[in-house]
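Sequence lines set the chain letters: A, B, ... in the order given, protein chains first and strands last, and positions in each chain run from 1. Just so it is clear, the model here is predicted, and its values are computed rather than measured.
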Amino acid sequence: MPLRFYNTLTQEKEIFKPIQAGQVGIYLCGPTVYRESHIGHAVGPVVFDALKRYLSFKGFKVRWVVNITDVEDKLIEEAQQQNCRVSELAERVARSYRDALAQLGVHGIDHMPKASEHITEIIAMIERLITNGYAYTSGGDVYFEVSRDDDYGKLSNRRTEDQAGQRELSSADKRSPHDFALWKASKPEEPEEVCYASPWGCGRPGWHIECSAMSMKLLGETFDIHGGGMDLIFPHHENEIAQSESCTGKPFVKYWLHNGLTRFNTKKISKSDPTMQIMLSRMTLSHLLNQYSGELLRYFILSTHYRRPIEFSDEELASRQKGLDSFYRLFERINRSVNNSPYDDHPTLHRPKFEAINEQYHEFVREMLEMRNEYLDALDDDFNTAAAISVLFKEAAAINRLMDRCQVETSTDQEARQLVLGACRSLVEDGRIIGLFLKTPAQLVKLDESLTDRLVEMLIQLRSDAKKDKHFALADRIRDELAALGVVLEDSRDGTRWRKS
RNA sequence: GGCGACGUGCCCGAGUGGACUAAGGGAACGGUUUGCAAAACCGUGAUUCGUCGGUUCGAAUCCGACCGUCGCCUCCA
């Protein structure tokens, strides 16, 4: 199946064909760094990181840019409130954002350009727009003249005539209420660090122009994929198209991909809703990453199709955690019974030599290969990670099934052991295509509990002795009391294991 | 007023004209295994996809109306 994406511009699924064979340029709109990032800011990066991994897996050379907007009204306001420099606030928020992304397994960003470091490019672009007759100056401001752009509204499917609405959009300095600022003159009360010299006097860029200027610099005048949240379709992306295409006379972007917005209690996370502010503090990335692993949050985001809204709740995260745990139980089972880590570089089952495999296992191998195709097909169909992840569960079940059937824990059948190891290795590899199972379980366990470990091991030993003496009441009591403390015991033929509930 | 999204079992969530007598996960229940548990595996669970009509040989999937939820048109990933 060829790779297809739903393109917001055409409102259809289209076969993906990059502008230059074998190469893909992606631009994702990142945050304005004036306040701590919340979970909604992580959706785009996680989805596009997974997408970059997938495109790389398919052999494309991918260049991925995520911008940081660090020159903006709210940022100036917030810095004044906190009585710090704008650059200081921006750097602090941006750093914690990057830290959070790293924990979420987002490692594929090639460039994170800042608006403040591209003022020259922005000014050059505005000058070109003025020269081309698409922009005009008014006082110290520069505006884009929407009426000069014939296909304005093509992304969001809006006509400016229909946008009268109930709101008063006009501004004294604009020729039309739909025109938007490319450059804003500095106001007297604003700090000097955000006053940039320009041909129109001191000022700073408007909101949309930085993305056009930086994407053009890093990805060229026309590039393959532009992404962002659905809420950016209008006006942000619409205006990016208008500016860029009026400036270059070339198409700006081939495929527009928009992710669904995060919701809480069925409402979008909104910065202006005061009650939402309280929820928001619990939804910040740093807060969530204290409670949940980055992988769980990543898995949660990817287990819904990217265009759908995601409803966040502690209950749902707990439910997902249990699902995710079942994979790690399988990996540990393999490690324990085959005495080999599924993370190490073993041959996988992707290209099996059937003649070398005992016939009784042929069906298993075929089943695994079919599921692998099913997995890749799901990703090809508008990057349906939700459907793909469901295949991972089926793969895990098939492996467990074979292990049960062959009693791998106690069997001496080397072939079955190797087969199961290879299959599990394939499963890990499949997950890694979208950035799951990146860390080995040992790396996931925190180092803080060596004493707890020894205490629990001791109790397990005592209980084992009690069992040998048929003191089952005592053995049960140990298990129950541990359970009450949140430690679950699991007996098996080859000993007792434990885990936190 | 304009543009758009969504409504699938107890919960989450795929599927968007025929392989759907609807994937997968969580919860529940029954079974295999186990001294008992846990884990793993097997099985049960929507005759039905917001409601009502229509198109079609055939619809969760297309069209229309209605009900409900939400988003954008002001800052937002």
Can you give the donor-acceptor pairs under 3.5 Å from side chains of residues 480-490 of chain A to other protein atoms, not counting sequence neighbours?
{"unit_1": "A:Glu481", "atom_1": "OE2", "unit_2": "A:Arg477", "atom_2": "NE", "d": "3.0"}
{"unit_1": "A:Glu490", "atom_1": "OE2", "unit_2": "A:Arg499", "atom_2": "NE", "d": "2.7"}

Would you tell me whether A:Thr10 and A:Glu14 have side-chain atoms, one donor and one acceptor, within less than 3.5 Å of each other? yes
Base, sugar-phosphate, or nothing for A:Gly228, non-hydrogen atoms under 4.0 angstrom? sugar-phosphate
Among side-chain atoms of A:Tyr34 and A:Asp73, is any donor-acceptor pair under 3.5 angstrom? no
We want to know whether A:Asp314 and A:Tyr292 form a side-chain donor-acceptor pair, criterion being a heavy-atom distance below 3.5 angstrom. yes
Side-chain-base donor-acceptor pair under 3.5 Å for A:Arg479 and B:C36: yes
Table of protein N/O atoms under 3.5 Å from nucleotides 5-8 of chain B N/O atoms:
{"unit_1": "B:C6", "atom_1": "O3'", "unit_2": "A:Arg308", "atom_2": "NH1", "d": "3.4"}
{"unit_1": "B:G7", "atom_1": "OP1", "unit_2": "A:Arg308", "atom_2": "NH1", "d": "3.4"}

Considering only the C1' atoms, how many Å lie between B:G31 and B:G45, rounded to the nearest integer? 15 Å
Do A:Thr410 and A:Arg493 pair up side chain to side chain, a donor and an acceptor below 3.5 Å, judged on atom types alone? no
In residues 483-494 of chain A, which residues come under 4.0 Å of RNA chain B by heavy atom? A:Val488, A:Leu489, A:Glu490, A:Asp491
5' precedence on RNA chain B between A:His236 and A:Arg329 (nearest-nucleotide basis): A:Arg329
Between B:G18 and B:G24 - C1' atom distance, rounded Å: 23 Å
All N/O donor-acceptor pairs, side-chain side in residues 383-407 of chain A, below 3.5 Å, sequence neighbours left out:
{"unit_1": "A:Asn384", "atom_1": "OD1", "unit_2": "A:Ala386", "atom_2": "N", "d": "3.3"}
{"unit_1": "A:Asn384", "atom_1": "OD1", "unit_2": "A:Ala387", "atom_2": "N", "d": "3.0"}
{"unit_1": "A:Thr385", "atom_1": "OG1", "unit_2": "A:Leu302", "atom_2": "O", "d": "2.6"}
{"unit_1": "A:Ser390", "atom_1": "OG", "unit_2": "A:Ala387", "atom_2": "O", "d": "2.6"}
{"unit_1": "A:Lys394", "atom_1": "NZ", "unit_2": "A:Glu374", "atom_2": "OE2", "d": "3.0"}
{"unit_1": "A:Asn400", "atom_1": "OD1", "unit_2": "A:Arg333", "atom_2": "NH1", "d": "2.7"}
{"unit_1": "A:Arg401", "atom_1": "NH1", "unit_2": "A:Glu367", "atom_2": "OE2", "d": "3.3"}
{"unit_1": "A:Asp404", "atom_1": "OD1", "unit_2": "A:Arg333", "atom_2": "NH1", "d": "3.3"}
{"unit_1": "A:Asp404", "atom_1": "OD1", "unit_2": "A:Arg333", "atom_2": "NH2", "d": "2.7"}

Quick one: does A:Glu238's side chain have a donor or acceptor within less than 3.5 Å of a partner on A:Leu232's backbone? no
Please confirm whether the shortest side-chain N or O distance from A:Asn400 to OP1 or OP2 of B:C41 is below 4.0 Å. yes
Side chain of A:Ala387 - closest among B:A77, B:A14, B:C3: B:A14
Under 3.5 Å, is there a donor on one side chain and an acceptor on the other for A:Ser212 and A:Gln243? yes
With sugar-phosphate meaning primed atoms plus P, OP1 and OP2, does A:Gly30 contact a base, only sugar-phosphate, or nothing at under 4.0 Å between heavy atoms? sugar-phosphate
Closest to side chain of A:Asp476, choosing from B:A39, B:G35, B:A77: B:G35
Does any N or O in the side chain of A:Arg298 come within less than 3.5 Å of the main-chain N or O of A:Gly435, such that one atom is a donor and the other an acceptor? yes
Nearest-angstrom distance, C1' atom, B:U16 to B:A23: 15 Å
Charged tip of A:Arg307 within 45° of A:Tyr6 ring normal and under 6.0 Å: yes
If we count only N and O atoms by modelled type, under 3.5 Å, do the side chains of A:Glu77 and A:Gln81 hold a donor and an acceptor together? no
If the C1' atom of B:A39 is compared with that of B:U34, how far apart are they to the nearest Å? 11 Å
Just one of A:Val253, A:Asp224, A:Leu219 clears the side-chain contact (heavy atoms from CB on, under 4.5 Å) bar with A:Tyr27, so which one? A:Leu219
Tell me which nucleotide among B:G24, B:C3, B:A77 gets nearest to the side chain of A:Ser390. B:G24
Please check if the distance between the ring centroids of A:Phe364 and A:Tyr361 is under 6.0 Å. no
Among the nucleotides B:C3, B:A14, B:C75, whichever has the atom closest to the side chain of A:Asn384 is B:A14
Taking the same atom, C1', in B:G7 and in B:A14, what whole-Å distance lies between them? 15 Å
Are OP1 or OP2 of B:C42 and a side-chain N or O of A:Arg401 less than 4.0 angstrom apart? yes
Encoded 5' to 3' (Watson-Crick or G-U under 3.5 Å; [ ] crossing; | other strand), RNA chain B becomes ((((((((.[[[..)..(.....]]].(((((.......))))).....[[[[[..)....]]]]])))))))....
Judged by each residue's nearest nucleotide on RNA chain B, which is more toward the 5′ side, A:Ala396 or A:Lys467? A:Lys467
Please determine, by modelled atom types, if A:Tyr375 and A:Asp380 share a side-chain donor-acceptor pair under 3.5 angstrom. no
Please report the distance separating the C1' of B:G30 from the corresponding atom of B:C67, rounded so that it comes out in whole Å. 40 Å
I need a per-nucleotide contact map over nucleotides 25-31 of chain B, read 5' to 3'. Cutoff is protein heavy atoms under 4.0 Å; write B for the base, S for backbone only, - otherwise. SSS----
Rounded to the nearest 0.5 angstrom, the NZ-OG distance for A:Lys174 and A:Ser138 is 10.5 Å
Which nucleotide, B:A40, B:A77, B:C3, lies nearest any side-chain atom of A:Arg158? B:C3
